[in-house]
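Comments concern the structure below.
All figures in this text were calculated on a predicted structure; none of them were measured in a lab. Ligands are counted one by one from 1 in listed order, and the atoms in each one are counted from 1 as well.
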Amino acid sequence: MGDSIGIVILAAGKGTRMKIETPKALVPALGRPLLDYVVNAAMEFTKNSSLIAEVGIVVGHKKEMLEAWWANHPHKKTIKLAWQKEQNGTADALKSCFNDQPHFWNHKYTLVACADTPLIEASEFKLLFSELNSHPELVGVAATFDIENPTGYGRIISGGKGFHIVEEKDATPEERKIKTVNSGFYILKTSHLKEVLGSISNNNKSGEFYLTDLFQQKFIVKPVKFKTEQAFLGINTLEQLADVNGLLKKRKLSKLFSDGVQFLNPKSVHLDSDVEIEIGSVIYPGVTILGKTKIGANVTVESGSFLKNCTIESDVQILANSYIEEAHISNKASIGPMARIRPGTEIGPESKIGNFVEIKKSKLAAGVKVSHLSYVGDAEIGENSNIGCGFITCNYDGANKHKTKIGKNTFIGSDCQVIAPLEIGNDAFVAAGSTVTKNVPDGGFAISRAQQVTKEGAAKRFLKTKKP
Ligand code: UD1
Ligand code: MG
């Protein structure tokens with residue numbers, strides 16, 4: 001069995017500088033809460049090590065929202081929450097974790113991470129840990145980096161056996177010029193923490209208990225300098241959030257490019273972190289892909305299309321300006337241009353949904369065609385049926401929604417309406433211009449339109465001319 005490590009993520013802060021209501025840890029970056037990035041990186045790090053890990057998240061400001069996040073988390077068994085009643089600083093936050101979850105004292109190591117640094121990856125944790133692990137005399141390490149504009153970060157001051165950290169507010173003008181800064185990520189021997197954590201005071205300009213005071217020149221502690229600042233960029237303002245979003249998007253696009261996905265104009269595309277796209281797919285300019293959307297191989301998504309939480313199988317064509325949400329589109333189907341596919345819809349393989357068609361909560365089997373100007377809601381349509389132009393399922397009576405079922409190999413002519421609930425069988429034929437109010441059996445033919453009357457030469461009685 002390997003050594004054990006407690007990973008404590010500080011997420012109780014108000015995020016005052018963000019000026020928004022959502023607690024900072026839950027603010028989304030590329031559609032995913034900031035906290036998720038740090039949790040994922042920590043889990044990835046421990047998964048690939050011999051360490052036995054447990055994650056503790058310190059919550060405080062709007063803790064109900066973080067509790068709801070935790071309740072839906074797939075790894076909630078490995079994650080413990082701790083409550084920091086008042087946000088009195090980062091050291092106080094860590095103390096809250098040990099108060100609420102005392103068994104965290106039993107872990108040999110404690111890794112401390114901030115929730116507001118979503119660019120962190122498992123590799124940074126790995127490097128930091130290997131420094132501590134390979135120097136048995138060390139009691140703690142802190143990840144540091146050099147940055148051109150160090151504003152807002154704690155400055156690293158080396159000396160004695162180790163180093164100490166001065167927060168911006170407490171720094172002298174000379175100290176503020178220092179460009180080596182504290183990332184807010186530390187790994188300590190828990191035995192050292194136990195000795196020092198209780199003695200940290202709030203005797204500083206903020207009146208807060210600073211975790212950075214764990215590092216003092218009299219302790220054998222080491223700043224571990226990372227080559228680039230990127231992984232540690234902390235988000236304290238909305239402007240920093242926008243910058244980090246840009247970097248996350250770049251990272252996401254690089255990964256997709258290397259997987260064989262083409263973006264014709266990557267700058268104009270918006271996509272969330274969890275989006276998956278397979279080899280050979282081509283994304284045109286101005287496309288938005290959100291949530292947990294999965295796109296298979298060799299799919300084309302043309303300009304102006306918006307996809308949210310949907311699954312698109314391989315070889316599908318999404319033509320320009322289509323809007324698809326919580327739907328499943330099977331192999332070789334074609335959607336749009338200008339189609340709207342609403343939640344709960346399943347489009348079968350090789351089906352064709354054309355322009356100005358809206359489909360809601362309906363299941364279309366393979367090879368179905370709804371090519372123009374139609375509304376299909378709460379319906380099931382069987383294989384290879386053809387729905388003509390201007391078809392409407394009249395599914396709503398003002399109070400309830402009703403179902404329409406159409407069998408396979410059925411032909412519905414243009415400009416038909418079905419008044420649901422209603423069933424039309426297999427191999428049936430409904431003549432154009434019909435309003436269908438009764439079920440049509442397998443093989444049946446239905447027509448419901450008024451007889452035409454034509455009177456020769458009578459048009460002039462109806463044609464009007466404008467007076468000059
Ligand atoms: C902190 C560090 C600073 C470092 C910077 C890196 C301290 C005192 N300073 O400053 O040296 O350069 O991170 O980004 O630690 N939090 C709580 N409870 C609190 C206060 C904060 O849980 O009472 C959490 C916040 O939610 C956040 C994290 O701790 O996730 C860091 O807090 P923040 O206010 O962002 O600290 P910084 O000013 O960025
Ligand atoms: Mg911060």
(request) Mark yes or no for whether Lys62, through its side chain, and Glu21, through its backbone, hold a donor-acceptor pair below 3.5 Å. (result) yes
(request) Would you mind checking if Lys205 and Glu167 are paired as a salt bridge, meaning a charged N to carboxylate O distance below 4.0 Å? (result) no
(message) Judged on heavy-atom distance to atom 19 (C) of ligand 1, which of Gln84, Gln240, Lys14 sits nearest?
(response) Gln84
(message) Taking Glu208 first and then Lys169, would you say they form a salt bridge - that is, a charged N and a carboxylate O separated by under 4.0 Å?
(response) no
(message) Suppose we measure from atom 21 (C) of ligand 1 to each protein heavy atom; which comes out shortest, and what is that distance?
(response) Thr90 CG2, 3.8 Å
(message) Please report whether ligand 1 has a polar contact with Tyr210, defined as an N or O pair separated by less than 3.5 Å (distance criterion only).
(response) no
(message) Could you check whether atom NZ of Lys363 has more than 12 heavy atoms from other residues, nucleotides or ligands sitting under 6.0 Å from it?
(response) no
(message) Please list the nearest protein heavy atom to atom 23 (O) of ligand 1 with its residue and the distance rounded to 0.1 Å.
(response) Gly89 N, 2.8 Å
(request) Check step by step if side-chain hydrogen bond (donor to acceptor under 3.5 Å, both in side chains) holds for His328 and Glu346. (result) CA-CA 5 Å; His328 187 113; Glu346 291 173 37; over 6 Å; no
(message) Is it the case that the side chain of Ser314 and the backbone of Asn331 share a donor-acceptor pair, with hydrogens and angles ignored and the cut-off at 3.5 Å?
(response) no
(message) Looking only at protein heavy atoms, which one is nearest to atom 27 (C) of ligand 1, and what is the separation?
(response) Leu10 O, 3.7 Å
(request) Could you tell me whether Phe145 and Phe226 have their ring centroids closer than 6.0 angstrom? (result) no
(message) Could you check whether atom 3 (C) of ligand 1 has a protein contact, counting only heavy atoms that fall below 4.0 angstrom?
(response) yes
(request) Spell out, as yes or no, whether a donor-acceptor pair under 3.5 Å connects the side chain of Thr404 to the backbone of Thr393. (result) no
(message) Under a 4.0 angstrom heavy-atom cut-off, which atoms of ligand 1 come close to Arg17?
(response) 33 (P), 34 (O), 35 (O), 37 (P), 38 (O)
(message) Checking the side chain of Glu302 only, and the main-chain atoms of Asn321 only, is there a donor and an acceptor separated by less than 3.5 Å?
(response) no
(request) May I ask whether Asn88 places a heavy atom under 4.0 Å from ligand 1? (result) yes
(message) Around atom NZ of Lys252, are there more than 12 heavy atoms from other residues, nucleotides or ligands closer than 6.0 Å?
(response) yes
(message) Measuring only between side-chain heavy atoms, which start at C-beta, is Pro150 closer than 4.5 Å to Ile147?
(response) yes
(message) If the contact criterion is a heavy-atom separation under 4.0 Å, does Glu168 count as touching ligand 1?
(response) no
(request) State the atoms of ligand 1, each with its element, that fall below the 4.0 Å cut-off from a heavy-atom position in Ala93. (result) 17 (C), 18 (N), 22 (O)
(message) Heavy atoms only, cut-off 4.0 Å: how does Ala12 contact ligand 1, side chain, backbone, both, or neither?
(response) both
(message) Any nitrogen or oxygen of Gly234 lying under 3.5 Å from a nitrogen or oxygen in ligand 1? Just yes or no.
(response) no
(message) Check this for me - ligand 1, Glu167, N or O atoms closer than 3.5 angstrom, yes or no?
(response) yes
(request) Tell me which N, O or S atom of Asp116 sits nearest to the Mg ion (ligand 2). (result) OD2
(message) Whether Asp146 and Lys179 form a salt bridge (side-chain N of Lys/Arg under 4.0 Å from carboxylate O of Asp/Glu) is what I want to check.
(response) no
(message) Evaluate Glu86 for polar contact with ligand 1, using N/O atom pairs at a separation under 3.5 Å.
(response) no
(request) Would you check the N or O atoms of Val58, main chain and side chain alike, for any that come under 3.5 Å of an N or O of ligand 1? (result) no
(message) I'd like to check which ligand 1 atoms, numbered from 1 as shown, lie under 4.0 Å from a non-hydrogen atom of Gly154.
(response) 3 (C), 4 (C), 11 (O), 12 (O)
(message) Please check if the number of heavy atoms outside Glu86 that lie under 6.0 Å from its CD is greater than 12.
(response) no
(request) Output yes when the distance from some N or O of ligand 1 to some N or O of Asn182 is under 3.5 Å, and no in every other case. (result) yes
(request) Answer yes or no: does an N/O atom from Thr117 fall short of 3.5 Å to an N/O atom of ligand 1? (result) no
(request) Identify the protein heavy atom lying closest to atom 31 (C) of ligand 1, giving its residue, its atom name and the separation to 0.1 Å. (result) Cys114 SG, 3.7 Å
(message) Treating Gln240 as the side-chain partner and Thr237 as the backbone partner, does any N or O pair qualify as donor plus acceptor under 3.5 Å?
(response) yes
(message) Out of all atoms in ligand 1, which are within 4.0 Å of some heavy atom of Gln87? Include the element for each.
(response) 23 (O)
(request) Enumerate the atoms of ligand 1 whose separation from the nearest heavy atom of Tyr153 is less than 4.0 angstrom. (result) 6 (C), 12 (O), 14 (O)
(request) For ligand 1, note which part of Ser183 has a heavy atom under 4.0 Å away: side chain, backbone, both or neither. (result) backbone
(request) For ligand 1, find out whether one of its N or O atoms is nearer than 3.5 Å to an N or O atom of Lys24. (result) yes
(request) Answer yes or no for Asn236: is there an N/O/S atom below the 2.8 Å cut-off from the Mg ion (ligand 2)? (result) yes
(request) Taking atom types as modelled, find out whether His61 and Gln87 have a side-chain donor-acceptor pair closer than 3.5 angstrom. (result) no
(message) Counting only heavy atoms from other residues, nucleotides and ligands, does the tally under 6.0 Å from CG of Asn203 exceed 12?
(response) no
(message) Evaluate Ala115 for polar contact with ligand 1, using N/O atom pairs at a separation under 3.5 Å.
(response) yes
(request) Could you tell me whether ligand 1 has any atom less than 4.0 Å away from a heavy atom of Asn236? (result) yes
(message) Check this for me - ligand 1, Gly13, N or O atoms closer than 3.5 angstrom, yes or no?
(response) yes
